[in-house]
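To start, the structure under review is shown below, and the notes come after it.
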There are 2 protein chains.
Amino acid sequence: MPNTRPKYSVIADQLMRDIRDNRLTVGSLLPTENDLMRAFGVSRHTVRAAVQDLKSRGIVATRQGQGSKVISATGQAAFAERIQSIDQLIAFGQETRRELLSRETVEADEETARRFGCEPGRRLAKVRMLRRSLDGDRKIALVTLWMNTLLDEIVTELAHAQRSAAEIIRERFGLDTNVVEQAISADRLDEDTAAILDAEPGSPALIVTRAYFESRDDEPFLLARSIYTADALRVVSTFVAPGRA
Amino acid sequence: MPNTRPKYSVIADQLMRDIRDNRLTVGSLLPTENDLMRAFGVSRHTVRAAVQDLKSRGIVATRQGQGSKVISATGQAAFAERIQSIDQLIAFGQETRRELLSRETVEADEETARRFGCEPGRRLAKVRMLRRSLDGDRKIALVTLWMNTLLDEIVTELAHAQRSAAEIIRERFGLDTNVVEQAISADRLDEDTAAILDAEPGSPALIVTRAYFESRDDEPFLLARSIYTADALRVVSTFVAPGRA
DNA sequence: TTCGAAAATTTATACGGACAACCGAATGAA
DNA sequence: TTCATTCGGTTGTCCGTATAAATTTTCGAA
């Protein structure tokens with residue numbers, strides 16, 4: 001049999017369904033590992049892998065000697081983006097797998113031109129990619145990149161390698177990313193994007209746009225817009241006053 | 001028989017030290033599980049528990065058939081965020097006015113207790129406020145604050161003055177805000193919140209939660225959650241590589 | 001040389017067993 | 001009653017083994 005889901009994942013899904021449908025209520029205890037072993041006919045190891053999955057999603061909390069407690073029906077976001085430096089901002093791309101959706105040359109429209117700092121009608125390379133989680137097949141985000149057509153050749157490498165666009169551009173073109181401007185907003189998913197992300201049209205989405213600069217005075221050499229389904233991303237940052245920790 | 005740390009935890013720590021001290025560089029591969037087994041003299045299971053730990057911290061990413069890649073060094077710091085004051089954390093389009101909605105003493109539920117780092121049932125002051133635009137009557141956000149009941153007396157001042165809660169708390173209680181953790185996510189507006197904000201239930205919202213700490217090791221002294229309608233806020237930040245501009 | 005198939009390498013899944021640490025309830029002594 | 005102890009149940013750690021799946025490397029045929 002070719003593509004069977006792992007058992008622990010099937011069990012985790014079943015438990016999540018039970019929680020969502022209130023067969024297991026928030027605040028109550030999960031069946032014990034022994035019960036789950038018998039119920040699903042698997043080893044304790046597999047049961048623990050399933051519970052570990054729920055734990056990492058923030059759905060249950062375990063306590064030695066007591067049991068596993070359901071603490072949330074929905075869980076927290078699977079991805080927490082911790083931005084403390086440019087390097088970490090860039091490294092985030094490595095945790096996901098990219099899939100090339102489309103690749104074309106377009107003329108900059110009014111808004112894109114303004115953000116790029118060029119005149120409308122300038123030819124730009126436009127690339128759309130899908131970001132998936134490394135482990136499962138969860139679809140994380142729809143990413144659209146705009147860049148100078150000269151940089152367009154990085155796309156093939158981008159789709160296959162695990163490195164970020166900024167990293168590849170530095171290596172191939174000697175362009176260093178020193179400044180990144182990031183804007184975060186919320187919106188509804190439109191029909192097309194929802195279809196791509198397997199989500200419901202109109203459901204909430206987090207939109208992160210970034211402009212990459214070599215220096216603050218230059219035009220950006222890369223624009224990126226990522227559309228995340230609401231449950232796929234929480235942007236987490238820690239701000240520390242200088243001197244204190 | 002003194003309490004020894006679990007082996008997997010010791011191994012994870014050792015690997016994190018190796019990464020921080022550049023014996024293992026970001027972008028390179030971790031030693032294979034077999035190598036680590038031999039190096040530490042433990043079973044593969046234990047090695048995997050250690051790697052799992054690093055994975056959950058976002059330090060390494062594993063890929064079947066390829067290996068475990070170091071994607072982020074932890075302790076680097078080198079702070080790249082330009083924030084003048086806590087109030088600048090969020091760039092508002094315009095100034096806002098606060099209006100007190102409710103003020104009560106509640107018992108911390110499971111989730112609030114976890115975020116606060118206290119035990120459930122602890123009594124907390126809970127305050128809800130509405131932020132409106134200065135000019136017209138546009139409703140911007142619903143803000144909920146949780147704090148120690150001792151701090152409760154700032155509320156009246158908060159509703160009238162234009163200053164932030166953190167500022168008032170420093171003045172009145174000598175508590176300095178040195179660390180702020182901020183998380184941004186998207187969600188639908190529920191019935192109640194939508195009614196308060198004059199928005200459509202189910203429409204997208206941007207949720208900003210912040211925890212204010214005096215020091216990184218303490219419990220936060222203030223939790224704030226702000227729910228913005230999608231069109232009311234864009235969070236803009238600029239990241240600059242250290243040393244450059 | 002080039003390309004596809006096979007082999008080697010590496011992580012992922014899954015089974016089994018054993019003991020330790022911890023919690024809560026039951027027990028028994030003062 | 002009250003408090004310390006014991007005991008059963010539950011999760012945590014750790015070992016061993018085996019097979020599957022994904023990726024990279026090697027190698028032979030054209």
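All heavy atoms count here, side chains included; hydrogens, waters and symmetry mates do not. Everything numeric in this text was worked out from a predicted model, so none of it was measured.
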For [X] and [N], what is the distance between atoms [atom1] and [atom2] respectively, to the nearest whole Å?
X       : N      : atom1 : atom2 : answer
A:Met37 : D:dT11 : CE    : C1'   : 13 Å
B:Arg5  : D:dC14 : CZ    : P     : 11 Å
A:Lys69 : D:dT11 : NZ    : P     : 14 Å
A:Phe40 : C:dA14 : CZ    : P     : 13 Å
B:Leu30 : C:dT9  : CG    : C1'   : 16 Å
A:Leu29 : C:dG24 : CG    : P     : 10 Å

For A:Ala125 against A:Asn148, the heavy-atom pair lying closest together |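 For A:Ala125 and A:Asn148, the tightest heavy-atom pair comes out as CB-O, 4.4 Å.
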Heavy-atom pair of closest approach, residues A:Ile184 and B:Leu206 =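 Shortest heavy-atom contact: O-CD2, 4.1 Å.
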Report all interatomic pairs (protein N or O, nucleotide N or O of nucleotides 7-10 of chain D) with separations under 3.5 Å.
residue	atom	partner	partner atom	Å
D:dG9	N2	A:Gly65	O	3.3
D:dT10	O2	A:Gly65	N	3.3

Test of understanding: with salt bridge (Lys or Arg N to Asp or Glu O under 4.0 Å), list the residues that count as partners of [X], not counting sequence neighbours.
X        : result
A:Arg48  : A:Glu33
B:Asp109 : none
A:Arg188 : B:Glu200

Once side chain to side chain donor-acceptor pair (under 3.5 Å) is applied, do any residues pair with [X], and if so which ones, sequence neighbours excluded?
X        : result
A:Asp190 : A:Thr193
A:Thr149 : none
B:Asp192 : none
A:Thr46  : A:Ser43

Taking only residues at least two apart or on different chains, which pairs with a member in residues 37-67 of chain B satisfy ring pair (Phe, Tyr, Trp, His ring centres under 6.0 Å)?
->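 Those involving residues 37-67 of chain B are A:His45-B:His45.
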Table please: side-chain donor-acceptor pairs of residues 58-70 of chain A below 3.5 Å, with sequence neighbours left out.
residue	atom	partner	partner atom	Å
A:Thr62	OG1	A:Lys55	NZ	3.3

DNA chain C-proximal residues of residues 41-48 of chain A, any heavy atom under 4.0 Å = A:Val42, A:Ser43, A:Arg44, A:His45, A:Thr46
Which residues within residues 6-14 of chain A lie with some heavy atom under 4.0 Å of an atom in DNA chain D?
->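 Under 4.0 Å from DNA chain D: no residue of residues 6-14 of chain A.
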